[in-house]
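The chains referred to below are lettered A, B, ... by the order of the sequence lines, with proteins before strands, and numbering in each begins at 1.
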Protein chains: 2
Amino acid sequence: MTDRSERRAEPLSREQIVATAIAILDEGGADALTFRTLAARLATGSGAIYWHVADKQTLLTAATDQLVAQAIAHVNGGASPNEAIRVLALGVFDAIDAHPWVGVQLANDPWQPAVLRILEAVGAQVTALGVPKQARFNAATALLRFILGLAGQYAVGSSRFGGEMDRTTLLTEVAARWVQLDPVEHPFVRQVAAELSGHDDRQQFLAGVDLILAGIERSRRPTRDTSR
Amino acid sequence: MTDRSERRAEPLSREQIVATAIAILDEGGADALTFRTLAARLATGSGAIYWHVADKQTLLTAATDQLVAQAIAHVNGGASPNEAIRVLALGVFDAIDAHPWVGVQLANDPWQPAVLRILEAVGAQVTALGVPKQARFNAATALLRFILGLAGQYAVGSSRFGGEMDRTTLLTEVAARWVQLDPVEHPFVRQVAAELSGHDDRQQFLAGVDLILAGIERSRRPTRDTSR
DNA sequence: ACCTTTATGGAACAGCGTTCCATTCCGGCG
DNA sequence: CGCCGGAATGGAACGCTGTTCCATAAAGGT
């Protein structure tokens with residue numbers, strides 16, 4: 001335009017932009033982050049952001065990677081591999097629980113750095129478990145897919161209901177919808193609805209991890225398979 | 001505007017709209033479907049579609065539900081529960097393989113009818129497996145989450161690369177990127193990259209399912225857990 | 001002193017989902 | 001038979017998005 005104010009006191013930086021993006025996402029969910037709200041919060045124009053960040057996808061990927069990295073940084077305890085995997089999985093779980101938009105992001109781009117980070121950590125523990133080399137990839141990706149499946153599960157809690165209700169009321173509402181389903185077409189879901197409202201997501205998640213761990217252990221010491 | 005042509009020969013219907021949406025999605029991927037392209041293909045205006053379909057999310061949910069229903073309709077064979085679960089899982093796998101946008105959709109909304117359908121079918125087989133009542137929910141959702149994790153995995157193959165390359169070249173490209181990673185930070189992923197390009201997604205998926213099935217079976221006949 | 005590079009921020013653009021509304025037709029009622 | 005309310009249509013318009021463009025400004029090298 002006509003006159004232009006002087007250059008900003010504190011210059012923009014990629015770190016600052018990512019941090020502000022995380023703050024907006026935490027406050028308002030996945031939909032709250034736009035380049036305009038971001039620019040407003042940073043007291044700049046949307047164009048300036050593009051000098052530091054290629055596009056929105058890159059920004060989301062960077063934000064996700066940062067939180068996941070924090071979440072799984074403290075895993076290398078001296079515990080057993082099984083226990084390390086539980087700690088690792090719960091770390092990701094808690095990160096998604098605290099920042100539901102991370103779940104959306106993890107589910108939507110399976111080869112982003114954050115996912116690689118999780119796969120790497122899982123793979124290390126699977127290796128430590130003594131799983132033979134050819135089976136490691138399958139075992140690690142099975143665990144990874146289970147964790148990312150959770151990510152999708154949580155995606156809705158924030159995006160669909162806008163973070164306005166907490167997890168318990170959400171589950172109760174879903175359970176209420178499930179009981180009203182057709183008993184002929186959905187007997188199992190109906191039956192299981194009762195457990196839904198009172199259950200603990202964290203515990204259920206851990207049970208799933210243990211199920212896979214049991215499967216890994218069992219496949220390492222094969223017994224006769226009576227089911228085939 | 002001034003003059004208005006007569007009413008259309010064949011009236012619109014929800015079924016027709018969903019079918020056309022599926023066709024567009026199959027041809028151009030998730031991004032190809034807009035209410036404008038849809039209206040153009042139906043030879044109408046975007047506004048008319050809203051009389052039959054509430055919004056885009058509803059349309060996507062309906063399209064996904066239809067394909068998933070087809071995919072798992074023929075499962076109730078007389079085979080063993082384990083085998084039925086494999087057939088079921090592979091049915092979903094193949095549906096996502098044939099229509100990658102279904103993967104995106106399944107991953108993004110965990111409580112849509114299509115997901116309920118899968119959970120119901122899985123739950124029925126888990127019940128038939130003889131899993132005790134309290135453990136059924138965990139077992140079924142573990143399988144479900146694994147399948148939905150796959151859904152996310154496939155989401156990118158279509159959305160990021162626009163369906164321009166097939167799965168093999170995509171995997172080769174990912175593998176090539178993985179080998180160039182920092183050996184200190186990503187030893188496992190680097191080591192595993194070699195298996196990635198030559199591997200069979202379907203087989204790996206089935207191996208994961210078997211891993212969980214083994215875990216379910218093992219937890220039904222508990223042995224001493226040496227890992228805790 | 002100059003000119004290139006880095007950096008900024010606001011305007012502009014194309015496209016999206018959705019809403020609005022004038023219009024058309026059909027079925028039932030007086 | 002005439003009419004009229006509501007089902008259905010389709011195109012314009014709205015507000016918003018991610019992204020691009022560009023005039024500007026300071027910093028840095030020579």
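- At whole-Å resolution of the value, CZ in A:Arg14 and P in C:dA7 are 14 Å apart.
- Residue pairs meeting the ring pair (Phe, Tyr, Trp, His ring centres under 6.0 Å) criterion with at least one member in residues 20-55 of chain A, sequence neighbours excluded: A:Phe35-A:Tyr50.
- Taking only side-chain nitrogens and oxygens, B:Trp51 comes nearer than 4.0 Å to OP1 or OP2 of D:dA8.
- Remark: B:Ala95 pairs with B:Ala71 by the side-chain contact (heavy atoms from CB on, under 4.5 Å) rule, at least two apart or across chains.
- Taking side-chain N and O atoms only, A:His52 has no distance below 4.0 Å to OP1 or OP2 of C:dT6.
- Residue contacts for B:Ile49: at a heavy-atom cut-off of 4.0 Å it reaches no nucleic acid atom on any strand shown.
- Residues passing the salt bridge (Lys or Arg N to Asp or Glu O under 4.0 Å) test with A:Asp26, sequence neighbours excluded: none.
- One interatomic measurement links the two molecules: CG of B:Leu59 to P of C:dG17, which rounds to 10 Å at whole-angstrom precision.
- For C:dT8, neither phosphate oxygen OP1 nor OP2 lies less than 4.0 angstrom from any side-chain nitrogen or oxygen of A:Thr44.
- Atom C1' of nucleotide D:dT17 and atom CG of B:Asp31 are separated by 14 Å, given to the nearest angstrom.
- Here B:Arg14 pairs with nothing under the salt bridge (Lys or Arg N to Asp or Glu O under 4.0 Å) rule; sequence neighbours left out.
- Rounding to the nearest 0.5 Å gives a distance of 5.5 Å between CG of B:Leu42 and CD1 of B:Ile49.
- The list of ring pair (Phe, Tyr, Trp, His ring centres under 6.0 Å) pairs with a residue in residues 187-213 of chain A, not counting sequence neighbours, reads A:Phe93-A:Phe205, A:Phe146-A:Phe205, A:His199-B:Phe137.
- Straight-line distance from the CD1 atom of B:Ile24 to the P atom of C:dG17: 11 Å, rounded to whole Å.
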- Query: Reading DNA chain D 5' to 3', what string of ( ), [ ], | and . shows its pairs, if Watson-Crick and G-U wobble pairs count only when both distances fall under 3.5 Å?
  - Reply: |||||||||||||||||||||||||||.|.
Side-chain donor-acceptor distances from residues 62-69 of chain A under 3.5 Å, at least two apart:
{"residue": "A:Thr64", "atom": "OG1", "partner": "A:Leu60", "partner atom": "O", "Å": "2.8"}
{"residue": "A:Asp65", "atom": "OD1", "partner": "A:Ala114", "partner atom": "N", "Å": "3.4"}
{"residue": "A:Asp65", "atom": "OD1", "partner": "A:Arg117", "partner atom": "NE", "Å": "2.9"}
{"residue": "A:Asp65", "atom": "OD1", "partner": "A:Arg117", "partner atom": "NH2", "Å": "3.4"}
{"residue": "A:Asp65", "atom": "OD2", "partner": "A:Arg117", "partner atom": "NH2", "Å": "2.9"}

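- A distance of 9.5 Å separates CG in B:Asp200 from CG in B:Leu206, rounded to the nearest 0.5 Å.
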Polar-atom pairs under 3.5 Å, protein N or O versus N or O of nucleotides 18-21 of chain D: list them with distances, or write none.
{"residue": "D:dG18", "atom": "OP1", "partner": "A:Lys56", "partner atom": "NZ", "Å": "2.4"}
{"residue": "D:dG18", "atom": "OP2", "partner": "A:Phe35", "partner atom": "N", "Å": "3.1"}
{"residue": "D:dG18", "atom": "N7", "partner": "A:Arg36", "partner atom": "NH1", "Å": "2.9"}
{"residue": "D:dG18", "atom": "O6", "partner": "A:Arg36", "partner atom": "NH2", "Å": "2.7"}
{"residue": "D:dT19", "atom": "OP2", "partner": "A:Tyr50", "partner atom": "OH", "Å": "3.0"}
{"residue": "D:dT19", "atom": "OP2", "partner": "A:Lys56", "partner atom": "N", "Å": "2.9"}
{"residue": "D:dT19", "atom": "O5'", "partner": "A:Tyr50", "partner atom": "OH", "Å": "3.3"}

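- The stretch residues 52-61 of chain A participates, sequence neighbours left out, in no salt bridge (Lys or Arg N to Asp or Glu O under 4.0 Å) pair at all.
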